[in-house]
Amino acid sequence: MKWKKLGKIFDPLEHKLYEDYIGYAQSPQVLVFEDFVRIYFSIRKESENKKFVSHIQFIDMDKQFKKIINKSQHEVIATGALGCFDEHGIFPINVLRHNDKIYAYTSGWSRRVSVSVETSIGLAISRDNGSTFERVGSGPVLTASLNEPYLVVDGFVKVFDDLFHMWYIYGTDWVKVNESAEAERTYKIGHAVSKDGIFWEKEGRQIIQDKIDNECQALPTVIKIEERFYMFFAYRSTFDFRNNSNNAYRIGYAYSDDLVNWIRDDENVGIDVSSEGWDAEMISYPHVFECDKEIYMLYNGNHFGKNGFGIAKLENL
């Protein structure tokens, strides 16, 4: 597999979006229209207590990904009400068309005391062609359960043969390296199915094998090319990943012929950090999609997307 990087295409600090924000354009994900591509992402604002709150915004680009033709200047979806699972932000959002509707699977964040956050996945629907979204309900459609006790997030949904498939991540543990340190979390990739996109049945297992010790997996994205399914995802070490580029996010890869058994094949992913520049220390949060018969990957670079996102084009499998 070979990807050709086409460069960074959006820097949030070079543009004015809705309200004030401190930067970031995390986890870019697309909705393809006839003559443009809408890219949703999460910006960060700072709350009164100096904590980050993530909000969804979007830009519209031409299909050559050269020109921004529109930017959201409004609230795309509000954060959750007091006490709800998404009270303290939405990051990321996964959008798809189905039966003349536009669904958005939202990753909601809420703060905790003993650990930093808890997360769950909600559902919203757009009635204005993806400009804004309204929640189906105030609660999540996928959340913690008996054997996935916390941190269900990063839902990515596709419909194959009239069945909804969701790939997501779930937490396996919170660990402190010492008593004074903040607890760090570990995620693994899971899978669930649904007949209606609302009520889900979890498969109940880690579906992608680990490659490194203390591996943390995130943000799966799946595409079907001919008769094979391809998954891309971010992975890193649970520990010392913020300031040590060797432990920071890289992009992993697996393939499947039946959506059940996945073979990990990172050696052939065909994309890595650059030798210098905005994605030299980290490459993360991939989103793979088709546009005009070409396959593209959006991704974030250094500092978890603080300085925006770039795009790569698949040249060959």
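Keep in mind that the numbers below use all heavy atoms, side chains included, and drop hydrogens, waters and symmetry copies. One-based numbering along the sequence shown.
With a 6.0 Å radius and a threshold of 12 heavy atoms from other residues, nucleotides or ligands, Lys211 has its NZ atom above the threshold. Residue Lys313 qualifies as open at atom NZ: its count of foreign heavy atoms under 6.0 Å is 12 or below.
The side chain to side chain donor-acceptor pair (under 3.5 Å) search around Asp86 returns Arg135, not counting sequence neighbours. Remark: Asn147 engages no residue in a side chain to side chain donor-acceptor pair (under 3.5 Å) (not counting sequence neighbours).
Here the closest non-hydrogen pair linking Pro140 and Ser120 is CB-CB, 3.6 Å.
The salt bridge (charged side-chain N to carboxylate O under 4.0 Å, His left out) pairs that include a residue from residues 189-201 number zero, where partners must be two or more places apart or lie in different chains. The stretch residues 257-266 participates, sequence neighbours left out, in these side chain to side chain donor-acceptor pair (under 3.5 Å) pairs: Glu215-Arg264, Arg228-Asp257, Ser256-Asp258, Asp258-Asn261, Arg264-Asp266, Asp265-Asn268.
Cluster annotation: Phe33 and Ile93 are assigned to the same hydrophobic cluster (Ile/Leu/Val/Met/Phe/Trp/Tyr, side-chain heavy-atom contacts under 4.5 Å, transitive).
In the model, Ser274 has a side-chain atom that pairs as donor or acceptor with a side-chain atom of Asp279 under 3.5 Å. In this structure, a donor-acceptor pair under 3.5 Å is present between the side chains of Ser72 and Gln57. Counted by atom type alone, Thr186 and Thr238 present one or more donor-acceptor pairs between their side chains at under 3.5 Å. For the residue pair Arg44 / Gln26, a side-chain donor-acceptor distance below 3.5 Å is found, with atom types taken as modelled.
One finds a salt bridge joining Asp292 and Lys63 here, because a Lys/Arg side-chain nitrogen approaches an Asp/Glu carboxylate oxygen to under 4.0 Å. Checked for salt-bridge contact, Arg242 and Glu184 meet the test: a charged N lies under 4.0 Å from a carboxylate O. Using a cut-off of 4.0 Å between Lys/Arg side-chain N and Asp/Glu carboxylate O, Lys176 and Glu182 are scored as not salt-bridged.
Hydrophobic cluster of Ile68: the remaining members, joined at side-chain heavy-atom separations below 4.5 Å, are Leu6, Ile9, Phe10, Leu17, Tyr21, Val30, Val32, Val37, Ile39, Phe41, Ile43, Ile59, Met61, Phe65, Phe289, Tyr296, Leu298, Phe309, Ile311, listed by chain and number. Side-chain contacts under 4.5 Å among hydrophobic residues (ILVMFWY), followed directly or transitively, place Tyr168 together with Leu96, Tyr103, Tyr105, Ile121, Leu123, Ile125, Val136, Val141, Leu142, Val152, Val157, Val159, Phe164, Met166, Tyr170, Ile198, Phe199, Trp200.
Between Phe58 and His74, the ring center distance clears the sub-6.0 Å criterion.
Of the possible polar contacts, none joining the Ser284 side chain to the Ala234 backbone as a donor-acceptor pair under 3.5 Å is found.
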